[in-house]
Amino acid sequence: MAVCTVYTAQSLNSTCSISTPSKSHLGFHQKQVIFYTKRTNRTRSSTNAITCSAADENKTVVIGLAADSGCGKSTFMRRLTSVFGGAAEPPKGGNPDSNTLISDTTTVICLDDYHSLDRTGRKEKGVTALDPRANDFDLMYEQVKAIKDGIAVDKPIYNHVSGLLDPPELIKPPKILVIEGLHPMYDERVRELLDFSIYLDISNEVKFAWKIQRDMAERGHSLESIKASIEARKPDFDAYIDPQKQYADAVIEVLPTQLIPDDNEGKVLRVRLIMKEGVKNFNPVYLFDEGSTISWIPCGRKLTCSYPGIKFTYGPDTYFGNEVSVLEMDGQFDRLDELIYVESHLSNLSTKFYGEVTQQMLKHADFPGSNNGTGFFQTIVGLKIRDLYEQIVASRAGAPVQTAKA
Ligand SMILES: Nc1ncnc2c1ncn2[C@@H]1O[C@H](COP(=O)(O)OP(=O)(O)OP(=O)(O)O)[C@@H](O)[C@H]1O
Ligand SMILES: O=C(CO)[C@H](O)[C@H](O)COP(=O)(O)O
């Protein structure tokens, strides 16, 4: 037994703890405790440096989700957390404007909380929130690494209501940590901590249509102000956000349909799920025959399709020099219960029972994108992440990995 100041490891199986008071500015959860190590793999008798790490099988799995604002991250997160069961809610009794969502298995933190400049600060310096100079990547790295190592942190909160940085909130290491926001793959050190990464790539036309729908209808903004805000963000979006897609293990690309010539309504979407080959614990989904190039129009006797119909394509491709498999869906579903027909023609879905994708889609039929490839592919990626998590846990425990059914 030793008495020391520790950055508290929350897991009982944590192997040891650390004492480096000079690091308190990094927001580790710091307190004076009697320090007891249950299973010590490594101890170093130094007054100010005891290394800490959670027992390997308990280490937090870290997922990164990158996208611009208003591109469907929250909707995706709701689909993902639902796959693990249990409701995701803000920390109980905490800041009502917290951006964090916690469920039994997952904790989703929003990287806006690492803005180093508040709204006024950005205005004074003439930088946008997308600019790396408005974000604290050192703190982001230190805290994500700490959580991954089983250590709770006091994470700052960026308050979107006031535009100010609020007092921090305690984040305990969950089974799965999702870091979502503008820059999860921007900093190489943070990128290295990710067990899996996703980029939501929404084309300008579609982003514009979604922004109008939300910001005009729900937030009372004018068409001109929405256009101006998109234009103002574009240079920094192109410089700092968009390039992250090259690092993503999966990209969901959302484009206008090709089924309606010169469509400018932006309601019918062509959605591409780009899946990197050779990623550990992740086997891309395929249609009919793995590695072949397939074009499929499922609108026949088993799927109701009104104009302009539905078209799937699948095949190998390259993306930023990486080998990928691409599954594409253009069009929209008329009847969600018939989705089972499409699901039954896809393989490597990592479902636990026949029809699980369809069941998830029906459960959240009211979420945006439920009648097209955005919701369909987000659900599939959610199931793939569950599978990846289960494989990581099984391999750490040295148990044979029980592969998913489909
Ligand atoms: N798949 C979709 N299909 C149609 N509209 C969508 C879809 N996903 C999101 N939207 C629209 O975009 C808006 C923003 O979605 P969401 O809140 O999920 O995005 P976000 O990236 O979390 O936004 P922010 O970062 O601004 O909080 C929704 O209110 C909805 O209008
Ligand atoms: O790009 C964003 C990510 O959500 C926001 O614009 C950024 O976080 C700044 O927020 P606000 O506009 O509320 O000051």
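Each ligand, and each atom within it, is numbered from 1 in the order the structure gives. Computed over heavy atoms, backbone and side chain alike; hydrogens, waters and symmetry mates excluded.
Each of the atoms 3 (C), 4 (O), 8 (O) of ligand 2 lies under 4.0 Å from some heavy atom of Asp112. Atoms of ligand 1 lying under 4.0 Å from any heavy atom of Thr374, numbered from 1 in the order shown and given with element: 1 (N), 2 (C). Per-residue contacts place Lys73 under 4.0 angstrom from the following atoms of ligand 1 (heavy atoms of the residue considered): 18 (O), 19 (O), 20 (P), 21 (O), 22 (O), 25 (O). Close contacts of ligand 1 with Cys71, meaning ligand atoms under 4.0 Å from a residue heavy atom, involve 19 (O), 20 (P), 21 (O). Within ligand 1, counting atoms from 1 as listed, the ones closer than 4.0 Å to a heavy atom of Gly369 are 1 (N), 2 (C), 3 (N).
His364 and Ser82 share a donor-acceptor pair across their side chains, judged by distance under 3.5 Å alone.
Listed for the Gln360 side chain is no donor-acceptor partner under 3.5 Å among the backbone atoms of Glu356. The closest donor-acceptor contact from the side chain of Glu180 to the backbone of Leu65 lies at 3.5 Å or more, if one exists at all.
Comparing heavy-atom distances from atom 6 (C) of ligand 1 across Phe76, Phe376, Trp210 singles out Trp210 as nearest. The option with the heavy atom closest to atom 9 (C) of ligand 2, from among Arg233, Arg122, Arg119, His183, is Arg122.
Counting heavy atoms closer than 4.0 Å to ligand 1, residue Thr75 contributes atoms from both its backbone and its side chain. Contacts of Leu182 with ligand 2, taken as heavy-atom pairs under 4.0 Å, involve the side chain alone.
Residue-to-ligand polar distances keep Ser69 apart from ligand 2: every N/O pair is separated by 3.5 Å or more.
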Show your working on ring-ring contact (aromatic ring centres under 6.0 Å, His included) between Phe137 and Tyr114 and close with a plain yes or no. CA-CA 7 Å; Phe137 288 101; Tyr114 293 100; 8.9 Å; no
